[in-house]
Amino acid sequence: MAKAHQPLLYVFLAIPVLYLVALVGFPVLYNLVMSVQDVNLGNISSLVRPFVGLENYQAVVADPSFQKVFINSILFVSVNVIAQIIIGLAVALFFSREFPGAGLLRGLLLAAWMLPALVVGALWKWIFATEYGLANAALTSLGLIDTGIHWLSDPRVALTSVTIANIWFGMPFSMILIAAALIAIPRELYEAAALDGAGAIARFRYITLPSLTATLLAVACLVTIYTMRAFDLIFAMTQGGPLDASNVLPLLSYQFSFQQFKFGIGSAIGTFSFVIVFAVALIYVRTLKKEALS
């Protein structure tokens with residue numbers, strides 16, 4: 001009977017494999033091929049294009065805009081990872097105990113995460129509007145500023161603005177993963193520590209944090225991967241401006257490919273992003289493997 005079901009099992013296994021090959025493997029491979037070719041509007045529909053080797057990568061590395069955007073991306077990802085883990089952990093601890101209205105607050109928090117990135121970007125673009133934005137109105141009413149801050153048009157604060165928006169957008173995801181790990185910690189450990197006289201800080205330091213180490217590392221990897229792919233939210237808020245102040249690698253790749261029609265250079269920039277994401281994905285897989293074996 002088991003042998004009779006084997007062909008059906010192979011069919012079900014083949015479906016996700018074909019999906020990954022068609023929608024993930026082929027685009028990645030095609031992007032790699034384009035990154036070593038001279039691809040423009042004149043020959044993009046052709047299968048035969050001039051091979052340029054590493055010239056596209058050399059042009060990318062030498063481009064001042066790439067250097068600036070690469071630094072932006074590192075800052076954008078680093079701040080997002082740190083902030084989403086810290087805030088996500090704090091919110092998960094806050095919701096670890098039941099209180100009146102906890103369910104409603106959780107629902108409101110998760111509702112923000114389920115919104116499309118373009119909608120979130122449009123929402124934060126209104127919040128950070130200079131004239132009628134909620135941020136300037138709140139800061140002015142508190143007496144913290146006299147004139148409105150140009151959140152999206154000032155190169156000094158544009159990256160900060162999109163970073164705040166992305167943290168707000170991605171934090172519920174981190175909170176869910178951390179909250180799930182908190183639930184898995186045996187209550188007996190906290191009860192025994194309390195009987196031994198350990199305070200709340202000691203219990204957090206010696207029980208909660210060690211129990212969450214693998215989860216926090218996995219969350220850091222996932223946030224890095226998702227943040228490295230950020231495009232919609234930044235495009236809706238600033239389109240990478242002003243003067244590339246809020247630009248990141250995925251958006252720069254789009255600009256080279258579909259605004260300047262330098263598809264080879266755009267693909268080379270995309271390859272840089274892919275290498276970073278792939279390296280972080282390997283760390284994430286190894287983290288899951290160690291957690292499964294422990």
Side-chain angles (χ1 to χ4, degrees), residues 28 31-32 34-36 54-88 117 120-121 124-125 128 135 149-171 173-174 216-217 219-260 262-284:
V28 169
N31 182 82
L32 289 173
M34 289 181 63
S35 69
V36 294
L54 299 178
E55 289 184 11
N56 287 330
Y57 292 94
Q58 293 172 352
V60 166
V61 173
D63 193 319
S65 64
F66 172 80
Q67 299 170 15
K68 181 176 182 178
V69 171
F70 184 81
I71 295 174
N72 285 349
S73 299
I74 297 300
L75 291 173
F76 180 69
V77 172
S78 300
V79 174
N80 264 276
V81 170
I82 295 171
Q84 289 192 37
I85 288 179
I86 293 176
I87 299 174
V120 174
W124 279 94
K125 187 175 183 179
F128 284 134
I149 299 174
H150 300 279
W151 295 97
L152 303 179
S153 58
D154 187 343
R156 295 171 298 179
V157 296
L159 183 62
T160 301
S161 302
V162 297
T163 301
I164 292 172
N166 198 73
I167 291 171
W168 181 85
F169 182 44
M171 185 277 297
F173 172 75
S174 303
L216 294 179
L217 181 57
V219 171
C221 293
L222 289 174
V223 173
T224 300
I225 292 171
Y226 293 144
T227 308
M228 276 297 302
R229 296 168 49 240
F231 174 87
D232 301 10
L233 184 143
I234 299 176
F235 185 83
M237 291 182 66
T238 63
Q239 297 188 18
L243 303 174
D244 286 327
S246 61
N247 212 351
V248 291
L249 290 177
L251 187 53
L252 184 66
S253 176
Y254 165 85
Q255 291 167 346
F256 269 101
S257 298
F258 299 104
Q259 292 180 355
Q260 302 182 34
K262 298 177 180 178
F263 298 99
I265 294 179
S267 297
I269 296 172
T271 301
F272 278 103
S273 299
F274 170 76
V275 169
I276 296 173
V277 170
F278 184 74
V280 175
L282 288 179
I283 297 174
Y284 173 65

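Source: prediction; values computed, not measured. Heavy atoms only: backbone and side chains are in, while hydrogens, waters and symmetry mates are out.
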Query - Steps toward side-chain contact (heavy atoms from CB on, under 4.5 Å) verdict (Phe274, Asn31) - result: CA-CA 10 Å; Phe274 170 76; Asn31 182 82; 5.9 Å; no
Requested in this report: Test Asn80 against Thr163 for side-chain contact (heavy atoms from CB on, under 4.5 Å), laying out the working first.
Outcome: CA-CA 7 Å; Asn80 264 276; Thr163 301; 3.7 Å; yes
Measure the shortest side-chain to side-chain distance between [X] and [Y] over non-hydrogen atoms and say whether it is less than 4.5 angstrom.
X	Y	answer
Val79	Thr160	no
Phe263	Phe256	no
Trp124	Ile164	yes
Leu222	Phe173	yes
Leu249	Val69	yes
Phe278	Val28	no
Phe70	Leu252	no

Could you measure the distance from the [atom1] atom of [X] to the [atom2] atom of [Y]? Nearest 0.5 Å is fine.
X	Y	atom1	atom2	result
Thr238	Leu159	OG1	CG	9.0 Å
Ile86	Ser174	CD1	OG	11.5 Å
Ile269	Ser35	CD1	OG	11.0 Å
Ser246	Leu152	OG	CG	8.0 Å
Arg229	Ile276	CZ	CD1	14.0 Å
Asn72	Asp244	CG	CG	7.5 Å

At their closest point, which heavy atom of [X] faces which heavy atom of [Y], and how far apart are they?
X	Y	result
Ala158	Gly241	CB-O, 3.9 Å
Val77	Met228	CG2-SD, 3.6 Å
Leu216	Ile85	O-CD1, 3.8 Å
Ile283	Cys221	CG2-SG, 3.7 Å
Gly240	Leu251	N-CD2, 3.3 Å
Asp232	Ala117	CB-CB, 3.5 Å

Query raised in the report: Considering residues, nucleotides and ligands other than Phe66, do more than 12 of their heavy atoms fall under 6.0 Å from its CZ?
Result: yes
Query - Parallel, tilted or perpendicular: rings of Trp151 and Phe128 (30°, 60°) - result: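 Phe128 vs Trp151 ring planes: tilted.
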Requested in this report: Report the relative orientation of the aromatic rings in Phe235 and Phe231; use parallel for angles under 30°, tilted for 30 to 60°, perpendicular for over 60°.
Outcome: parallel
Heavy-atom donor-acceptor pair, [X] side chain to [Y] backbone, under 3.5 Å:
X	Y	value
Lys68	Leu243	yes
Asp63	Ala59	no
Ser253	Gly266	yes
Gln255	Gln239	yes
Ser267	Met34	no
Asn166	Leu233	no

